[in-house]
Amino acid sequence: MPERKDSESRKLLRRLRETLAAPGGGQHRLDQITHHIADSMGTEVCSIYLFRDPETLELCATEGLKPEAVHKTRLRLGEGLVGRVARTGRHVNTADAPGEPGFRYMPETGEEVFSSFLGVPIQRVGERLGVLVVQSRSARQFSEDEVYGLEVVAMVLAEMAELGAFLGSQADSLHHFPIMFRGTTGQEGTAEGHVWLHEPRVVITNPVADDPLKEKARLNEAVAMLRTTVDSLLAAADMGSGDSAEVMETYRMFAHSRSWLRRMEEAIDLGLSAEAAVEKEQSQARARLESAADPYLRDRLHDLDDLSNRLLRILTGQGRDTGAEMPEDPILVARNIGPAELLDYGRRLKGVVLEEGSVGSHAAIVARALAIPLVIHAERITSEALNGDLILVDGDMGTVHLRPEETVTKAFRDKMAMQAEAQQRYAGLRDLPATSTCGTTIQLYMNAGLMADLPSLESSGAEGVGLFRTELQFLTRTKVPRRGELAALYAHVLDNAHGKPVMFRTLDIGSDKVLPYMKPQDEPNPAMGWRAIRVGLDKRGVLRMQLQALIRAAIGQPLHVMFPFITEMNEFEEAHKLLMEQLAREQRLGHALPSDIRVGAMLETPSMAFAPKKFFEMCDFISVGGNDLKQFFFAADRENEMVRRRYDTLNTSFITLLEQIVQRCDEARVPVSFCGEDAGRPIEAVTFAALGFRRLSMRPASIGPVKHLIRRVNLSELKRVIDDARAAGEINLRRPVTEWLARQ
Ligand code: PEP
Ligand code: MG
């Protein structure tokens, strides 16, 4: 960077800082700033456009364009050159603006006489605030140094906005207007609360610095510290070899990157403080991240983002613990969160909103277990939300309202009140049986996976735990849990079940559930890969240990064990044999045994509907894992948003498959239950009951609504409706079933 440019840039930044320090309103400051920038850059025009709402930019200050256009000229995101800079997060530099594709002529500004145009985004780590533009009459391309210099200025403007320098101006409203996010349902339910950011934003109070040598020394010291931390972190993780080691090595390489450090030092030379220089690099990486399609590149940019965050925390001394008080009704907002971290927050949270995540992610599993609404894929929410903002989470619709208008809040509260009223009604049914009007009683069980779930056994009126997902204890640890630890935990579960049966499902990992300490298998299609009982039978040590823990937990009482993802009869035979061997071993060791052992299989692949009769006879009980069964029946990935909802559970073919499963179980006199998510949806649940399922296992919150509906219908009549619709050639039973239900 040439020396003359450096000092010119520093002079400009110093003037900006003086503007910030001087008294005056926000608008006055913005006016002064455009004046200083035009002067320093030697251009006739300098304008600042800020977002009025997430889709609209407004000209908020200008030097050189017609003053009457200020607060009048507006552009949609993506419209004109300014809109393009805002949408892409990248600069536009052209000597012939009117000749540029997408140029939009705005007569009120008088800008047609200006030929050259340089626009850079005003952004702060992914949060777009607006666009800074300089224009001049002469048709010239701005130099790389000028582009870089203007980006540095824009960076300082973004920091000034964050510090409230433009209060009273348009920029003031940045974190004030209501925004709605359309995400994806991770867990149903609704909640109103206040934002609690998992990773609070680092506040930079000194974007501009006078002494570049001092700033570089601070930066180098912080980078050295970062490198030491990263090195020891990786040494402790001891990834061995393979893909994960390679990924970690790339992370380390980034931390040691010379060019990263050099780019930050260049920004310091232009007048930024060390932390503002880090943020400038981070902002640009974020902008690239948003447009990068290559997943490998995206991961690397994420690494860089993560490292920048760590570096900022070192430089500013602001840790996660910023001293802010968690609100009484916290709604956690995060880019993503691990299952252990989410468990740490526990039931204190009213809801969770994530920018990333997936329906089957560990965080989603934990949120489900904690029964708190979760919305995922709420893009950009971490940049928009501030700690303490009012936020409404609608897990049913997958939407989030941040800083909502009063009318929205009111409608939302009405919806919550109606739900609460319904819950009250359901609470009244707690001790009543789910008996239909034709006299058939359906047993309603609940699904669980955490100790925290067990109080629901009492409050929901569930008759037992139909599915205890044991993988959560494995997923939330950094190494394989020990047998004694697991035995104690399972014993605690049984104690808290107070004699109600608990069906423990052995470890169901693989597919979407990857243990942090297991070497990830790079499988082309993990859902159809090495998972569940396949892992258990190939790596018997862990399964054996888990079975021993279960046996020891249930001394003197009945034990129910079920094996997941049985696809062929012999898998069940082998797993069953393994369990019997462990029992014999315990006996040999002179240990007391459970009073009774019932061994079940989860029927989760269509193959098992056609299994030999002997399979059904061998099982003490069968549980249909509808989530997996449906994904394999329709060949539609349950994790893939593009196809996840494409096929209806009440599709006639699927219903016919379920009916056949019930018939085969009935023939073998083996009890069958349904424990996928669909069991908790009232219409699906009554349909299953009409098909002959006598036990359904669901989220505790669904027990009330399902019981309420079962008690109102005649299942034999419903079965006739289903049969008639099928005979009439309906490909989907939802319409006939709902129409009939509406008449009841
Ligand atoms: C299922 O597949 O329906 C099931 C209950 O198991 P999971 O959702 O844990 O795969
Ligand atoms: Mg399953």
Side-chain angles (χ1 to χ4, degrees), residues 185-188 339 358-369 371 374 444-450 453 462 464-476 502-515 525-536 546 560-567 571-572 575 600-609 621-640 644-645 647 649 654 657-658 661-662 672-681 684-685 688 693 695-700 702 706:
T185 299
Q187 154 79 8
E188 280 100 358
S358 72
V359 181
S361 66
H362 310 162
I365 296 170
V366 173
R368 234 164 274 156
L374 164 71
L444 302 185
Y445 278 48
M446 64 173 242
N447 295 343
L450 290 172
D453 287 322
V465 176
L467 165 66
F468 190 92
R469 291 180 163 105
T470 58
E471 51 276 7
L472 278 176
Q473 285 76 42
F474 286 79
L475 284 168
T476 53
V502 179
M503 322 286 161
F504 287 101
R505 172 176 79 182
T506 62
L507 195 54
D508 182 4
I509 44 147
S511 186
D512 56 309
K513 301 166 199 152
V514 184
L515 297 183
N525 194 338
M528 293 203 221
W530 197 54
R531 53 173 292 197
I533 197 66
R534 299 171 184 178
V535 180
Q546 190 184 22
H560 295 81
V561 177
M562 72 180 172
F563 294 109
F565 211 64
I566 298 292
T567 312
E571 289 171 343
F572 181 73
M602 282 194 73
L603 197 157
E604 305 189 84
T605 61
S607 64
M608 292 320 279
F621 62 96
I622 283 179
S623 192
V624 174
N627 306 335
D628 275 314
L629 184 64
K630 191 174 156 191
Q631 97 166 327
F632 294 114
F633 187 73
F634 289 114
D637 188 343
R638 62 192 261 193
E639 294 293 313
N640 181 342
R644 205 163 80 76
R645 285 177 238 253
Y647 304 99
T649 304
F654 190 56
L657 174 78
L658 292 178
I661 292 170
V662 174
V672 57
S673 68
F674 188 106
C675 68
E677 295 300 317
D678 285 320
R681 304 196 167 99
E684 279 81 341
F688 299 158
F693 281 97
R695 183 183 297 164
L696 304 172
S697 191
M698 62 199 72
R699 293 188 293 136
S702 300
V706 166

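Start at 1 and go down the list; that is how both ligands and their atoms are numbered. Keep in mind that the numbers below use all heavy atoms, side chains included, and drop hydrogens, waters and symmetry copies.
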Worksheet item: Once the angle between the rings of Tyr647 and Phe634 is folded into 0 to 90°, is it parallel (under 30°), tilted (30 to 60°) or perpendicular (over 60°)?
Response: parallel
Practice prompt. I would like to know whether Val624 and Ile661 meet side chain to side chain contact (heavy atoms under 4.5 Å, CB included); could you show each step before the answer?
Written response: CA-CA 9 Å; Val624 174; Ile661 292 170; 4.0 Å; yes
Discussion item. So for Gln631, does at least one of its heavy atoms come nearer than 4.0 angstrom to any atom of ligand 1?
Written reply: no
Discussion item. Taking N, O or S atoms only and a limit of 2.8 Å, check whether Asp508 reaches the Mg ion (ligand 2).
Written reply: no
Item to complete: Indicate, as side chain, backbone, both or neither, the part of Val624 found under 4.0 angstrom from ligand 1 when only non-hydrogen atoms are considered.
Response: neither
Worksheet item: If you measure from each heavy atom of Arg638 to ligand 1, is any distance below 4.0 Å?
Response: yes
Worksheet item: Taking non-hydrogen atoms only, is Arg469 closer than 4.0 angstrom to ligand 1 via side chain, backbone, both or neither?
Response: side chain
Worksheet item: Under 3.5 Å between some N or O of ligand 1 and some N or O of Gly626?
Response: yes
Fill in: Lys630 and ligand 1 - part of the residue with a heavy-atom distance under 4.0 Å
neither
Response to the item:
Quick note on ligand 1: atoms under 4.0 Å from a heavy atom of Gly676 include exactly 3 (O)
Worksheet entry | Pair Phe632 and Phe565, ring centroids less than 6.0 Å apart | yes
Worksheet, complete the sentence: Checking distances from the Mg ion (ligand 2), one finds that the N, O or S atom of Glu604 closest to it is OE1
Discussion item. Working to the nearest 0.5 angstrom, can you tell me the gap between Asp508 CG and Leu467 CG?
Written reply: 9.0 Å
Worksheet item: Is a side-chain donor or acceptor of Arg505 paired with a backbone partner of Thr470 at a separation under 3.5 angstrom?
Response: no
Worksheet item: By number and element, which atoms of ligand 1 are closer than 4.0 Å to a non-hydrogen atom of Glu604?
Response: 1 (C), 2 (O), 4 (C), 6 (O)
Discussion item. If you consider just the N/O/S atoms, which atom of Asp628 is the closest one to the Mg ion (ligand 2)?
Written reply: OD2
Worksheet item: When you check the side-chain N and O atoms of Ser623 and Ser673, is any donor under 3.5 Å from an acceptor?
Response: yes
Practice prompt. Flag the pair Thr649 / Lys630 as yes when at least one side-chain heavy-atom distance between them is below 4.5 Å, and no otherwise.
Written response: yes
Discussion item. At less than 4.0 angstrom from any non-hydrogen atom of Leu467, what atoms of ligand 1 do you find?
Written reply: 5 (C)
Fill in: Asp637/Arg644 ion pair, N-O < 4.0 Å
no
